[in-house]
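A short write-up of the structure that comes next.
This is a predicted model, so every value here is computed, not measured.
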Amino acid sequence: MSTLGRRPLLQGGLAAAVAPWAAAAPAPAGPKVLRMALPTAEAGFDPPRVGDQSSFAVLGAIFEAPLTFDYLARPATLRPNTAVALPEVSENHTRLVVTLKPGIFFSDDPAFGGKPRELVAQDYVYSVKRYYDPAVTTERLYIFENAKLLGLSELRKAAIAGKTPFPYDVEVPGIRALDRYRFEIRLGEPDPRFVLNLAAPSTFGAVAREVIERYAADPMAHPVGTGPFRLAQWRRSSFIALERNPRFRGVRFEGTPAPGDTEAAAVAAQLAGQTLPRLDRVELSIIVEDQPRWLAFEGGDLDAVVVPSPFAPRVVPGGRLAPYLAQQGVQLSRSVMSGVTFSFFNCEDPIVGGVTPAQVALRRAIGLGCDNPALLEHGFLGQGVVAQSMVAPFNTGYDPTLVSEVARPAPARAKALLDLYGFVDRNGDGYRERPDGSPLSIELAATADQRSRLLAEVWERRMTQIGLRFTFAFMPFPELIRRTLAGSLQMSAMSWNNGPDGDFYLSLAYGPNAGQNNDARFKLPAYDALYLRQRALPDGPERLAAMAEAQRMMLAYMPYLPHLHQLINDVSRPWVRGWLRHPVQELRFLHADIVR
């Protein structure tokens with residue numbers, strides 16, 4: 001299973017009328033500095049503890065996993081990173097051996113006592129064990145528990161039961177160092193795609209034990225890795241600066257564009273023969289609202305930005321860059337995200353949860369009454385495609401030919417389904433009650449921004465049309481995540497990005513993942529068995545058929561209501577080179593260049 005899942009914030013203000021566009025300032029002289037904005041606040045920079053897109057972008061620049069992805073290849077293709085080669089996989093995908101390159105060093109830190117600190121196999125062993133430490137709050141332990149790394153769950157359970165510190169020095173077969181540069185992973189059952197986890201710096205990035213122990217009070221503020229950049233400055237929820245890591249070994253650019261991919265071919269030509277990274281510094285401003293973020297790019301304060309969807313009609317009319325920007329040499333790159341925007345139902349909630357026919361009928365009626373095309377148009381100004389299921393593009397198992405009932409509103413069918421299962425208006429107020437006559441009101445939680453409020457208006461109109469009373473709770477994104485993980489929300493809007501394997505999206509409904517990435521807390525033994533079956537199968541037609549069946553079951557029970565796959569419009573100034581969005585991982589900081 002891939003581990004690249006991350007939660008981007010569903011937000012963005014509606015653009016007000018703005019003054020005529022100002023000419024961009026010329027690129028500044030001096031060191032190569034890339035200036036860009038993040039649309040959401042970061043949580044911090046300790047890999048196990050974070051799950052948001054902004055934090056992941058920074059983690060990918062500081063920490064390194066054994067593997068990475070080819071920057072240009074589509075579909076995503078694994079390459080060695082800190083490893084000398086792809087892992088040795090044997091015993092029916094239950095044993096992996098990774099051999100590291102010697103001579104890779106962590107960035108300098110006082111924790112190392114003034115000496116260079118080489119990356120060794122034990123660092124990866126320690127980094128994975130941290131996910132099992134009860135003292136480390138993480139929503140991604142399921143990545144390893146689902147693969148059943150031998151002996152680690154038992155260590156965790158013993159630490160919890162005995163209320164003792166996690167025993168990091170106890171060797172277990174699940175992950176152990178064989179020598180200075182080799183480590184072994186042993187899984188409790190076949191997992192042909194576990195190797196994808198080894199390409200995720202946000203999950204498998206190596207940390208040094210000395211650093212974690214020195215900064216135990218706040219490891220989120222002290223990231224020390226072997227990657228191309230290190231943290232130079234951090235003002236929480238405001239500004240992040242990364243600077244080139246002097247200890248980084250430098251890597252020779254390699255990339256294989258797919259045939260006919262002219263954009264990737266152009267990037268390959270720009271980076272041919274280069275040693276990476278090319279940048280000296282990356283400056284990331286946290287600009288939550290759309291209008292100031294876009295105006296910062298317009299005014300020349302940013303070198304690259306994602307066009308906020310409210311501005312897309314004037315910036316990329318008809319999918320082409322507006323002439324006034326083209327005349328400035330601005331570059332445009334468009335791509336559908338490898339992610340899905342959705343709403344989830346808390347399946348432990350007494351009203352919208354459960355798997356009885358009436359409870360399922362209520363969720364399906366909401367899905368039939370929901371107007372995904374209107375949500376796309378009003379909330380995202382058409383910058384995306386309506387989702388047919390929870391599996392996103394660029395993922396194994398994604399079926400571009402699938403047409404499901406959630407794609408178009410069907411209010412008449414929604415009403416008929418509600419009537420059939422006894423959700424009727426008994427008191428004549430225009431809203432339905434539950435089959436037992438008790439009140440029926442559903443609260444949808446979302447982030448506190450203008451886009452969410454626009455989307456709420458669409459929701460309210462459509463649900464009123466079918467006789468359902470909806471209320472809305474708006475809150476900051478961190479609070480939304482906190483309450484989601486605590487299971488205290490009835491229904492909420494969310495988004496996940498992932499790739500390159502659809503197993504991640506299917507795992508969102510896997511019962512044991514409740515409280516981690518299973519936001520819906522959905523539990524159904526028949527689904528769990530199907531999920532585990534597809535997980536164990538090798539890639540091929542049989543697995544694709546099982547994945548398709550799992551998607552149909554998710555649509556039938558509807559713990560999740562998929563809405564759309566967002567379209568991303570990346571724009572950059574003419575002096576930015578190598579700027580290309582990878583479908584499943586943030587790799588651009590390593591490859592970007594500033595050429596004046």
Side-chain angles (χ1 to χ4, degrees), residues 5-16 36-59 137-140 202 218-221 234-240 284-294 296 305-306 308-310 337 339-346 349 375 378-380 442-460 470-497 515-521 560 563 566:
R6 54 198 185 275
R7 303 176 189 265
L9 175 60
L10 301 184
Q11 66 158 355
L14 178 66
M36 61 177 294
L38 297 173
T40 66
E42 74 298 333
F45 312 118
D46 184 24
R49 299 175 190 269
V50 300
D52 64 285
Q53 189 172 11
S54 293
S55 298
F56 278 8
V58 176
L59 293 182
T137 302
T138 180
E139 60 180 279
R140 288 179 289 133
S202 55
D218 191 10
M220 296 280 265
W234 182 27
R235 297 196 300 270
R236 293 177 187 266
S237 303
S238 176
F239 180 77
I240 304 164
L284 306 170
S285 299
I286 312 301
I287 308 177
V288 174
E289 293 297 334
D290 286 343
Q291 184 168 332
R293 190 166 66 254
W294 175 249
V305 74
V306 173
S309 57
M337 288 185 71
V340 61
T341 296
F342 60 91
S343 295
F344 71 83
F345 301 90
N346 183 348
D349 181 81
L375 293 176
H378 289 277
F380 299 87
I442 299 169
E443 183 179 80
L444 174 61
T447 51
D449 54 71
Q450 287 182 296
R451 174 183 287 169
S452 293
R453 296 180 191 281
L454 286 172
L455 296 174
E457 292 175 3
V458 177
W459 267 105
E460 186 171 27
F470 261 55
T471 61
F472 303 90
F474 301 104
M475 60 193 70
F477 184 59
E479 177 64 12
L480 190 72
I481 295 298
R482 187 191 70 78
R483 293 185 59 183
T484 294
L485 295 175
S488 63
L489 298 177
Q490 188 175 42
M491 185 178 176
S492 181
M494 193 63 69
S495 182
W496 277 107
N497 290 341
Q516 298 189 66
N517 72 330
N518 182 350
D519 296 325
R521 297 174 173 265
Y560 297 90
H563 297 309
Q566 293 187 53

Q) Is any NZ, NE, NH1 or NH2 atom of the basic residue among Arg482 and Asp52 found under 4.0 Å from an Asp or Glu carboxylate oxygen of the other? A) no

Can you measure from [atom1] ([X]) to [atom2] ([Y]) and round to the nearest 0.5 angstrom?
X: Asn517; Y: Met494; atom1: CG; atom2: CE; value: 11.5 Å
X: Arg236; Y: Met220; atom1: CZ; atom2: CE; value: 7.5 Å
X: Asn518; Y: Glu139; atom1: CG; atom2: CD; value: 12.0 Å

Can you name the nearest heavy-atom pair linking [X] to [Y], along with the distance?
X: Val50; Y: Gly44; result: CG1-O, 3.4 Å
X: Ser343; Y: His563; result: OG-NE2, 2.8 Å
X: Tyr560; Y: Asp519; result: OH-N, 3.1 Å
X: Asp46; Y: Leu59; result: N-CD2, 4.2 Å
X: Met475; Y: Ala445; result: CE-CB, 4.1 Å
X: Asn497; Y: Gly339; result: OD1-CA, 3.4 Å

Any side-chain heavy atom of [X] within less than 4.5 Å of one from [Y]?
X: Glu42; Y: Trp234; result: yes
X: Arg451; Y: Ser309; result: yes
X: Val58; Y: Ile240; result: yes
X: Leu38; Y: Ile287; result: no
X: Phe239; Y: Ile286; result: no
X: Arg483; Y: Glu479; result: yes
X: Leu455; Y: His378; result: no

Q. Considering residues at least two apart in sequence or located in another chain, which fulfil the side chain to side chain contact (heavy atoms under 4.5 Å, CB included) criterion with Asp349?
A. Asn346, Ile351, Val352, Gln490

Q: Can you sort out the partners of Phe470 under ring pair (Phe, Tyr, Trp, His ring centres under 6.0 Å), two or more places apart, ordered by chain and number?
A: Trp459

Between [X] (side chain) and [Y] (backbone), is there a donor-acceptor pair under 3.5 Å?
X: Thr138; Y: Pro48; result: yes
X: Ser492; Y: Ala446; result: no
X: Ser55; Y: Ala43; result: yes
X: Ser452; Y: Ala448; result: no
X: Arg521; Y: Leu485; result: yes

Q: Just do the salt bridge (charged side-chain N to carboxylate O under 4.0 Å, His left out) check on Asp218 and Arg49 with the steps written out, would you?
A: CA-CA 11 Å; Asp218 191 10; Arg49 299 175 190 269; over 6 Å; no

Q.
If you apply the rule side chain to side chain contact (heavy atoms under 4.5 Å, CB included), what do you find for Leu489 with Leu480, and how did you get there?
A. CA-CA 8 Å; Leu489 298 177; Leu480 190 72; 3.9 Å; yes

**Q.** Residues in salt bridge (charged side-chain N to carboxylate O under 4.0 Å, His left out) contact with Glu443, at least two apart in sequence or another chain
**A.** none

**Q.** Residue pair Val288, Phe477: steps toward the side chain to side chain contact (heavy atoms under 4.5 Å, CB included) verdict
**A.** CA-CA 11 Å; Val288 174; Phe477 184 59; over 6 Å; no

**Q.** Gln566 and Phe380: CA distance, side-chain angles, deciding distance, side chain to side chain contact (heavy atoms under 4.5 Å, CB included) verdict
**A.** CA-CA 8 Å; Gln566 293 187 53; Phe380 299 87; 3.5 Å; yes

(Q) Students often mix this up, so state it plainly: with edges at 30° and 60°, are the rings of Phe472 and Phe474 parallel, tilted or perpendicular? (A) parallel

Q: I would like to know whether Thr341 and Trp496 meet side chain to side chain contact (heavy atoms under 4.5 Å, CB included); could you show each step before the answer?
A: CA-CA 7 Å; Thr341 296; Trp496 277 107; over 6 Å; no

